[in-house]
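These notes are about the structure you will find just below.
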Amino acid sequence: MTTLASPDRSIRKGGQAKRHGRGLTGLLLVSAPVMLLGWLIIYPIFNAIGRTLFVKGDAGVRFGFDSYHQFLTDGYSLSNLWLTLWVTAVCAALLMATCLPLALYLRFAKSRVAALVQGLALFPMFVPSVILAYALIRTIGPNGAVDLVLNAVGLPKINSPYLTPWGPIIGLVWDNIPLTTLMLVAGLGGVSDNAVEAARDAGARHFALLRHIILPQIGNAMLVVLSFTVLSIFSAFTLPYVLGPASPEMMGPFMQRTFSQVLDTRMAVTQAVITFIICAGFGAFYVRSIAKNREARR
Amino acid sequence: MAQLSLKNIGKSFDGTDVIRDISLDVEDGELVCLLGPSGSGKSTILRMAGGFETPDRGAILIDGQDVTRIPPEKRPTGMVFQSHALWSHMSVADNIAFGLKLRRMPRREIQEKVAGALELVGLADYGSRRVWQLSGGQQQRVAIARALVLEPKILLLDEPFASLDQHLREHLREELRDIQRRLGITTLFVTHGQDEALALADRIVVLQGGEIEQVASPDQMYRAPETRFVAGFIGSMNFLACDMRGGRSDHAVFQIEASVSDGPVELAIRPEAIVVTPSATSTARVHRTTDYGTHILVDIDLADGTRVKAMCPPATRLATGQPVSLSADRVTVFRGTEKLADVAPVEMREVAHV
Ligand SMILES: Nc1ncnc2c1ncn2[C@@H]1O[C@H](COP(=O)(O)OP(=O)(O)OP(=O)(O)O)[C@@H](O)[C@H]1O
Ligand SMILES: [Mg+2]
């Protein structure tokens, strides 16, 4: 990440005794949040997993993977899972495609317009998802503002993304632009002006600069951003619920419906556990990227 | 190889003039040092020469060709940054090879050139190291090799040794000087260390507040400063205020004669131009002596309370409080910022007259 490796960056080994003392203080400091985590998150996870694996039948408690089996053999559940994965992947790709140029501009532009662009880029952060969802329906929904304008100039209506997978995609991308951009700008902060100037001096034009100097230096930051956005998009509820298609549907609304309308609690928990496992996979990736990032920074 | 010309360059940032109106020619194979206090615009000039800033006024020419609007990636200049600015995700060899790869040079040739460049800066075995495994001085040398390997017409260096210790700095300075001589590469070097400028430069440009104070060779710059600022900035200098009346100075110790109009002046005298002799009748007294081995620096309090520094031969023995008499074998007379005359008081002869 850093460009300027100065000689005093070498890691010095402190005294062992001192380290142990510090370790104890550290443990005490983290114990409170760890206990909260255990109570509010870890315990419910195991509880949920337990509830999906053990069924109270007539003949006492029975262990079995049948609810997972049911999920994994049910075509509808699977297509919901695929839809969610697909939407997540498309969102992540679109987010990178929009936010990277934006972040590059914000990082390297020196004009006054940059401040304005920054303000605009952060704006979506202050709009709650529900309001955003209804605003999108009013603009790109059937007979929305766009249709009205097109109609006024005598053009055909648009093929509205409302209630198709593109509805939540547009909403989610919009919603995640600020945070993604901010994280990318922070990552780009690690690329020094001089490193870029030295590359230009060596003859690198825009594309070579991006490919050989900037991207390799923010590689880890991009992994962090990617896993973070994937996490938040995968588990999104409001936008898929309001804007998304009814069938197949995304995991968020699917779980909610299974729980409150189908009233199949065990199945809803199973869906949640599967969603959780996938997210945990990305989470592990996220943690690993951050750790790597730290290492590179040293 | 190449010649660099700055013609009436001007640059402002946010409405303040940082560079006012600067013209400078760097001849083929010449090493010119830009010297000046912090904020005098040295880096700005260098960055304009490299294409990282565009001047608001004037033109930059390389070999007679106008490059004012040409971006750095297309300019035949190579820059070494103060902070090295090596790319930490590449090995040392890759850092040096980067520009060559962009030029689509065959791999074999790249390897040869990189090896040659590493050899040149004395880091032959370090090609496969990571950048952060090198010491500061080694990194600096890699940065120099990276700039040199592209064979730029003009080499630009912005305080490349500023972050190094005195020893390493002197060592690298000599190495750079050797390399520059050997390759005959036209070089513009920014520093705020006057010893560095005096040791390296063919010519020194002293800058202040975005304007050139004086352009001269190192010995000229030291011996014949043209302005009050240069006189005080290069080396150490005693300034003694007095009045000129009828061509004579009214200073109690240094009476000189110069055909200068009446009025207040300052006498500028180098410490080594002052000759100190013990004299029981004198009112000037030794305040302190510092033995530097090669010479002894003596602080002397004059009767009017001003303190003068004098450089004496190492054999000199003076005690604190001892009365001494002073004479100077070379005095420059300034009024305001302007130099009026150079005088050698022994002969009481006027040398120059402005
Ligand atoms: N990008 C910039 N924007 C605004 N002002 C600038 C910029 N770059 C330089 N300046 C101003 O221009 C003046 C000269 O700066 P410059 O960096 O050339 O000084 P310098 O002589 O290199 O000083 P130093 O020895 O401290 O490096 C300073 O007053 C600085 O504040
Ligand atoms: Mg500078």
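Residue numbers begin at 1 in each chain, while the letters A, B, ... track the order of the sequences.
- Sparse packing is recorded around OH of B:Tyr126, with 12 or fewer heavy atoms of other residues, nucleotides or ligands lying under 6.0 Å away.
- Of the two parts of B:Arg130, neither the backbone nor the side chain holds a non-hydrogen atom closer than 4.5 Å to a non-hydrogen atom of chain A.
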### Query
B:Met90 and A:Ile213: side-chain contact (heavy atoms from CB on, under 4.5 Å), yes or no, with the steps?
CA-CA 9 Å; B:Met90 297 182 191; A:Ile213 305 295; 3.8 Å; yes

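- The distance from atom CG of B:Leu156 to atom CG of A:Asp201, rounded to the nearest 0.5 Å, is 7.5 Å.
- For the atom pair CZ of A:Arg200 and CZ of B:Arg75, the computed distance is 10.0 Å after rounding to the nearest 0.5 Å.
- When each of B:Arg47, B:Arg146, B:Gln82 is scored by its heavy-atom pairs under 4.5 Å with chain A, the top score falls to B:Arg47.
- From A:Asn194, atom CG reaches atom CZ of B:Phe52 across 8.5 Å, with rounding to the nearest 0.5 Å.
- For chain B, the option among A:Pro216, A:Ala199, A:Ala208 with the highest count of heavy-atom pairs below 4.5 Å is A:Ala199.
- Scanning all heavy atoms of the two residues, the minimum distance from A:Ala195 to B:Ala85 falls at N-CB, 3.9 Å.
- Taking each heavy atom of A:Ala198 and B:Trp87 in turn, the nearest pair found is C-CZ2, 3.6 Å.
- The distance from the CG atom of A:Asp193 to the CZ atom of B:Phe81 is 9.5 Å, given to the nearest 0.5 Å.
- Summarising the local packing, CD of B:Glu27 is surrounded by more than 12 heavy atoms from other residues, nucleotides or ligands at distances under 6.0 Å.
- Rounding to the nearest 0.5 Å places CG of A:Leu215 at 9.5 Å from NE2 of B:His89.
- To the nearest 0.5 Å, atoms CZ (A:Arg205) and CG (B:Leu102) are separated by 9.5 Å.
- If you measure heavy-atom distances from B:Lys101 to chain A, you find no contacts under 4.5 Å at all.
- The 12-atom threshold is not exceeded at CZ of A:Phe123, counting heavy atoms of other residues, nucleotides or ligands nearer than 6.0 Å.
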